[in-house]
Amino acid sequence: MNLSKIWLSSPHMGGNEIKYINTAFDENWIAPLGPNVNGFEQDLKDFIGNGKEVAALSSGTAAIHLALIQLGVGLGDEVLCQSFTFSASANPITYQGAKPVFIDSEKQTWNMCPKALKEGIEARIKHGKKPKAIIVVHLYGMPALMDEIMELSTQYNIPVIEDAAEALGSSYKNQKCGTFSNFGILSFNGNKIITTSGGGALVCSSEETKKKAVFYATQSRDDAPHYQHSHIGYNYRLSNISAGIGRGQMEVLEEHIELRRKMHFFYKDLFASIEGIQVFEEPSADFYSNHWLSAITVNPELTNGINREDLRLAFEKENIESRPLWKPMHMQPIFKNCPYYGGNVAESLFNEGLCLPSGSNLTDEDRNRISNVIKKIFN
Ligand SMILES: *Cc1c(COP(=O)(O)O)cnc(C)c1O
């Protein structure tokens, strides 16, 4: 087979990234601070708006960790977390010696179900422990039901962390994902909508919380001429080289969102006449997804028995990458003893769902190869 590989989501450079990197070399800013870090933070701040401050960090996972620290999550605490997500949403809870309590999704957005969340909050309070925080995810770029979730946050006085790692540029009722709550997090890993080769950011509600994040991220150095520490510190700041890639990527972000959204409409067209296949889409005009990954669910009862694994293998034969949806955290061996609230929405999405190639750099030829697989299997 000499067909080139079609990836789910691969890095897509705009061209100016290398200029920012060269400037860093010319000025010898080869460090986890410098003009690119400041410039990238400013670009992100301008982009997401809503009076937020942004701290550039080494990863999205680090950003979640620092949000939990700032919310005072510690040993023995409980944190409510969307079950249907990537493990990086939940892992930092355990870094703090706290325990994740998982919550099911609803069918419209595939994100945290407000009913299950309410049930979880009340059950944990009854059990003797009020949860310290709620981690809600905007999965695959789809905004969660933020009105309902923020209402519960206010009612029970539990702060929310928005995991917007996959949702840079998505919005709900014209407000950008990551800006609804106390803290939002972004990721610039290699597979995300923009990349710094590895990196992330914490979206903060004030100068003060941003400063604190940067303090913890740079080894918690107290203000003194010598090295003095009154807190445990972390080495979580973003490199000035990586931030240079980020500045170049910010110049093409809007364009890349448009291209990802076009991939979604390509799949809407492709599957329009195929019974039993549902393309994941916004439930109403209140939701605007960056469509980081296009995804489908397959109902074998309506496709003459063809299931999502048949599709995945048919793609694989043509050197095209596709992947089952995230396996829910409450089904993961490592989290099997964690409490879980809800039904089987996340579980059935995992059983029936498939992510399809969605990159902003896919060509007409790539799209032809993808359509041919589908046409062949459904003829
Ligand atoms: C990628 C991702 C993260 C982690 O971001 P990193 O930058 O890779 O640490 C967290 N949550 C979700 C939902 C993600 O997709």
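Whatever order the structure lists them in is the order used to number ligands and atoms, beginning at 1.
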Atoms in ligand 1 with a heavy atom of [X] nearer than 4.0 Å:
{"X": "Gly199", "result": "7 (O)"}
{"X": "Ala88", "result": "3 (C), 4 (C), 10 (C)"}
{"X": "Ser89", "result": "11 (N), 13 (C)"}
{"X": "Thr85", "result": "13 (C)"}
{"X": "Gly60", "result": "5 (O), 6 (P), 7 (O), 9 (O)"}
{"X": "Ser187", "result": "1 (C), 5 (O), 6 (P), 7 (O), 8 (O)"}
{"X": "Ala165", "result": "2 (C), 3 (C), 10 (C), 11 (N), 12 (C), 14 (C)"}
{"X": "Phe86", "result": "2 (C), 3 (C), 14 (C)"}

Identity and distance of the protein heavy atom lying nearest atom 15 (O) of ligand 1: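 Ranked first by proximity to atom 15 (O) of ligand 1 is Glu166 OE2, 2.5 Å.
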Nearest protein heavy atom with distance in Å, relative to atom 1 (C) of ligand 1: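 Checked against all protein heavy atoms, atom 1 (C) of ligand 1 sits closest to Lys192 NZ, 1.5 Å.
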Over-ring placement of Lys176 relative to Phe47, 6.0 Å and 45° cut-offs: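 So Lys176 does make the cation-pi contact.
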NZ or CZ of Arg308 within 45° of Phe350 ring axis and under 6.0 Å: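 Yes, a cation-pi geometry.
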Among Thr61, Asp163, Asn189, closest by any non-hydrogen atom to atom 8 (O) of ligand 1: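 The residue whose heavy atom sits nearest atom 8 (O) of ligand 1 is Asn189.
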From Lys192 atom NZ to Leu186 atom CG, the distance as rounded to the nearest 0.5 Å: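 The CG atom of Leu186 is 10.0 Å from NZ of Lys192, to the nearest 0.5 Å.
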Leu356, Val373, Ile277, Thr303 screened by side chain to side chain contact (heavy atoms under 4.5 Å, CB included) with Leu311, the one that passes: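 Option passing the side chain to side chain contact (heavy atoms under 4.5 Å, CB included) with Leu311: Ile277.
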Aromatic plane relationship, His65 with Tyr234 - under 30° parallel, 30 to 60° tilted, over 60° perpendicular: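 Judged by the thresholds at 30° and 60°, the geometry between Tyr234 and His65 is perpendicular.
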Close approach, Ala63 and ligand 1, non-hydrogen under 4.0 angstrom: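 Contact absent.
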Check against ring-ring contact (aromatic ring centres under 6.0 Å, His included), Phe86 and Trp326: CA-CA 6 Å; Phe86 177 45; Trp326 298 119; 5.0 Å; yes
Within 6.0 angstrom of Lys211 NZ, more than 12 heavy atoms from elsewhere: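 Open: at most 12 neighbouring heavy atoms sit under 6.0 Å from NZ of Lys211.
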Glu281 side chain near Met142 side chain, heavy-atom distance below 4.5 Å: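 No, side chains not in contact.
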Proximity to ligand 1 by part of Ser59, non-hydrogen separation under 4.0 Å: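 Both the backbone and the side chain of Ser59 come within reach of ligand 1.
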Check: His330 ring centre within less than 6.0 Å of Phe102 ring centre: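 Not close enough - the centres of the two rings lie 6.0 Å or further apart.
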